[in-house]
Amino acid sequence: QVQLVESGGGSVQSGGSLRLSCAVSGDMYSTYCMGWFRQFPGKEREGVAAIDSDGSTGYVDSVKGRFTIFEDNAKNTLYLQMNSLKPEDTAMYYCAAESPHCSPDWWLLPNEYAYWGQGTQVTVSS
């Protein structure tokens, strides 16, 4: 079992930056596929970025070049560095984990993940 706790959300102006954190506890963090997802009001949850235990990463097109997913295995923490934020990035952001490894075929699909955090709100004003 894996427990996930997000933090780092908040309000920022367009063009600003935020770094989200996801503290992982429970099972062996390094063997999991990890992802960041977001949900707009009234919309389905969508994949933002994912990272496999070998360091390979994937991003949704709308955040490529602006967001970076990375992890600190020593701290059992997943991060999402978000730069050049836009109002359309406003959403609830969630981290998620799935065992044992990622596949580019599904790593941005929320239904493929078993473990979820409670979410952290990101609001970007124009």
Side-chain angles (χ1 to χ4, degrees):
Q1 297 294 316
V2 175
Q3 293 80 45
L4 309 171
V5 179
E6 302 97 332
S7 61
S11 297
V12 64
Q13 289 191 327
S14 181
S17 298
L18 284 174
R19 178 178 290 184
L20 305 184
S21 300
C22 175
V24 184
S25 61
D27 210 330
M28 294 178 64
Y29 168 71
S30 62
T31 65
Y32 279 82
C33 175
M34 303 292 299
W36 284 101
F37 296 80
R38 63 188 179 185
Q39 190 164 18
F40 306 110
K43 301 290 187 180
E44 297 287 324
R45 199 168 293 185
E46 70 171 26
V48 175
I51 185 167
D52 201 354
S53 54
D54 65 359
S56 57
T57 58
Y59 297 89
V60 68
D61 286 346
S62 60
V63 308
K64 285 180 179 177
R66 300 189 298 123
F67 291 10
T68 303
I69 186 171
F70 62 101
E71 54 194 8
D72 184 336
N73 287 335
K75 296 182 178 180
N76 279 3
T77 302
L78 176 73
Y79 299 95
L80 184 68
Q81 178 65 43
M82 305 186 295
N83 298 330
S84 302
L85 282 162
K86 304 175 181 180
E88 52 263 43
D89 294 317
T90 295
M92 184 71 78
Y93 284 72
Y94 300 87
C95 67
E98 179 55 44
S99 177
H101 294 291
C102 293
S103 168
D105 292 337
W106 57 259
W107 61 6
L108 293 181
L109 299 179
N111 288 343
E112 298 293 336
Y113 287 76
Y115 305 103
W116 291 86
Q118 83 288 350
T120 186
Q121 177 69 36
V122 171
T123 302
V124 185
S125 58
S126 57

Please answer whether the main-chain N or O of [Y] pairs with a side-chain N or O of [X] as donor and acceptor at a distance below 3.5 Å.
X	Y	result
Gln81	Arg19	no
Glu98	Cys102	no
Glu6	Gln118	yes

Nearest 0.5 Å, what's the [atom1]-[atom2] distance between [X] and [Y]?
X	Y	atom1	atom2	result
Thr123	Met92	OG1	CE	8.5 Å
Leu78	Cys95	CG	SG	6.0 Å
Leu85	Ser11	CG	OG	11.0 Å
Trp36	Phe67	CH2	CZ	11.0 Å
His101	Asp54	NE2	CG	8.0 Å
Cys22	Trp116	SG	CH2	10.5 Å

Identify the two heavy atoms, one from [X] and one from [Y], that lie closest to each other, and give their separation to 0.1 Å.
X	Y	result
Lys43	Gln39	O-NE2, 3.0 Å
Tyr113	Ala50	OH-CB, 3.8 Å
Lys86	Val124	O-CB, 3.2 Å
Asn76	Asn73	OD1-O, 3.0 Å
Leu20	Thr120	CD2-CG2, 4.0 Å
Leu80	Ala49	CD1-CB, 4.2 Å

**Request:** Take Leu108 and Glu46 through the test side-chain contact (heavy atoms from CB on, under 4.5 Å) and record every step on the way to the result.
**Result:** CA-CA 7 Å; Leu108 293 181; Glu46 70 171 26; over 6 Å; no
With a 4.5 Å cut-off on side-chain heavy atoms, are [Y] and [X] touching?
X	Y	value
Arg66	Tyr59	no
Asp89	Arg38	yes
Gln1	Tyr115	yes
Val63	Met82	no

**Prompt:** Can you list the residues that meet the salt bridge (Lys or Arg N to Asp or Glu O under 4.0 Å) rule with Asp61, with sequence neighbours excluded?
**Reply:**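 Scan of Asp61 (salt bridge (Lys or Arg N to Asp or Glu O under 4.0 Å), adjacent residues dropped) gives Lys64.
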**Prompt:** Val24 and Glu71: side-chain contact (heavy atoms from CB on, under 4.5 Å), yes or no, with the steps?
**Reply:** CA-CA 10 Å; Val24 184; Glu71 54 194 8; over 6 Å; no
**Asked** Between Tyr79 and Phe70, how do the two ring planes meet: parallel, tilted or perpendicular, split at 30° and 60°?
**Response**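 Ring orientation of Tyr79 relative to Phe70: parallel.
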